[in-house]
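Beneath this line is the structure, given in structure tokens, with notes to follow.
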Amino acid sequence: MSRVVIYTDGACRGNPGPGGWGVWLQYGDHQKELWGGESETTNNRMELTAVIEGLLALNRRCDVVLYTDSEYVRKGMTEWLSGWKARGWRTAARKPVKNSDLWQRLDELAAGQTIDWRWVKGHSGDLGNDRADALANRGIDEHTA
């Protein structure tokens with residue numbers, strides 16, 4: 001199977017406020033950049049959207065190494081998701097899961113891939129995270145221009 005490295009990031013100016021998402025994909029010698037924005041959103045929604053857009057960009061089943069600086073996304077997919085689904089998209093406190101529309105879409109997309117979910121510290125000089133962050137901010141800038 002093909003190995004793809006994906007770096008994702010979301011950004012928001014105000015929370016809620018205008019937001020953007022960015023994705024940097026690497027496959028062998030090939031690279032692809034994706035970005036977009038929304039007028040009124042939250043940082044967590046943009047983090048989830050970045051991952052969704054990154055997975056949507058794949059043309060076939062791949063071995064994915066996915067880097068995110070969002071523990072919300074990483075823990076959601078690796079620790080919390082199965083419980084949310086078992087409880088009908090409710091938290092352990094029996095409250096509706098926030099952003100369940102995006103979590104459900106991400107769950108569908110992730111089911112078709114083998115994903116190694118990795119956390120990277122944001123704004124720490126990691127090249128991939130810095131590129132994804134710049135793309136997320138570009139998404140805000142272009143959307144609000």
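Residue indices begin at 1 and follow the sequence shown.
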Leu102 reachable from Trp80 in the ILVMFWY side-chain graph, under 4.5 Å edges: yes

Val51-Leu109 co-clustered via ILVMFWY side chain contacts under 4.5 Å: yes

OG on Ser100 to CZ on Arg105, rounded to 0.5 Å: 14.5 Å

Any side-chain heavy-atom pair of Trp35 and Asp141 under 4.5 Å: no

CD on Glu47 to OG1 on Thr42, rounded to 0.5 Å: 9.5 Å

Minimum-distance pair of heavy atoms, taken over all atoms of Ala50 and Gly22: CB-O, 3.7 Å

Side chain to side chain, Cys62 and Arg3, heavy atoms closer than 4.5 Å: no

Under 3.5 Å donor-acceptor, His143 side chain and Ser39 backbone: yes

Nearest heavy atoms of Thr91 and Trp84, plus distance in Å: CA-CD1, 4.1 Å

In one Ile/Leu/Val/Met/Phe/Trp/Tyr side-chain cluster, 4.5 Å: Leu56, Val4: yes

CZ-CD distance between Arg61 and Gln113, expressed to the nearest 0.5 angstrom: 6.5 Å

Rounded distance [0.5 Å steps], CD1 in Ile52 versus OG1 in Thr8: 10.5 Å

Between CZ on residue Arg74 and CD on residue Glu79, distance to nearest 0.5 Å: 6.0 Å

Interatomic spacing from CH2 in Trp24 to CG in Asp133 - rounded to 0.5 Å: 13.5 Å

Exam field: side chain Glu38 to backbone Gly19, donor-acceptor pair closer than 3.5 Å: no

Considering all heavy atoms, the nearest Asp69-Lys121 contact: CB-C, 4.4 Å

Verify same cluster id: Val64, Trp117 (apolar side-chain graph, 4.5 Å): yes

Which atom of Thr144 lies closest to which atom of Pro18, heavy atoms considered: CG2-CB, 3.7 Å

Asn15 side-chain N/O to Asn43 backbone N/O, donor-acceptor pair under 3.5 Å: yes

Full working for side chain to side chain contact (heavy atoms under 4.5 Å, CB included) between Leu25 and Leu58: CA-CA 9 Å; Leu25 296 101; Leu58 302 176; 4.0 Å; yes

Evaluation steps, side chain to side chain contact (heavy atoms under 4.5 Å, CB included), between Thr41 and Thr49: CA-CA 11 Å; Thr41 189; Thr49 300; over 6 Å; no

Flag side-chain contact, heavy atom, 4.5 Å: Leu48 against Tyr72: yes

Close side-chain approach of Leu106 to Leu81, heavy-atom, < 4.5 Å: no

Heavy-atom closest pair, residues Met77 and Asp107: CE-CA, 4.5 Å

Validation row: Val5, Tyr67 side chains within 4.5 angstrom (heavy atoms): yes

Same apolar cluster: Trp89 and Val73, side chain cutoff 4.5 Å: yes

Over 12 non-hydrogen atoms of neighbours within 6.0 angstrom of CZ in Arg13: yes

Heavy-atom pair of closest approach, residues Val23 and Leu135: O-CD1, 3.3 Å

Pair Leu127-Tyr7, side chain to side chain contact (heavy atoms under 4.5 Å, CB included): steps then yes or no: CA-CA 10 Å; Leu127 174 67; Tyr7 282 86; over 6 Å; no

Backbone N/O of Asn129 and side chain of Asp126: donor-acceptor pair under 3.5 Å: yes

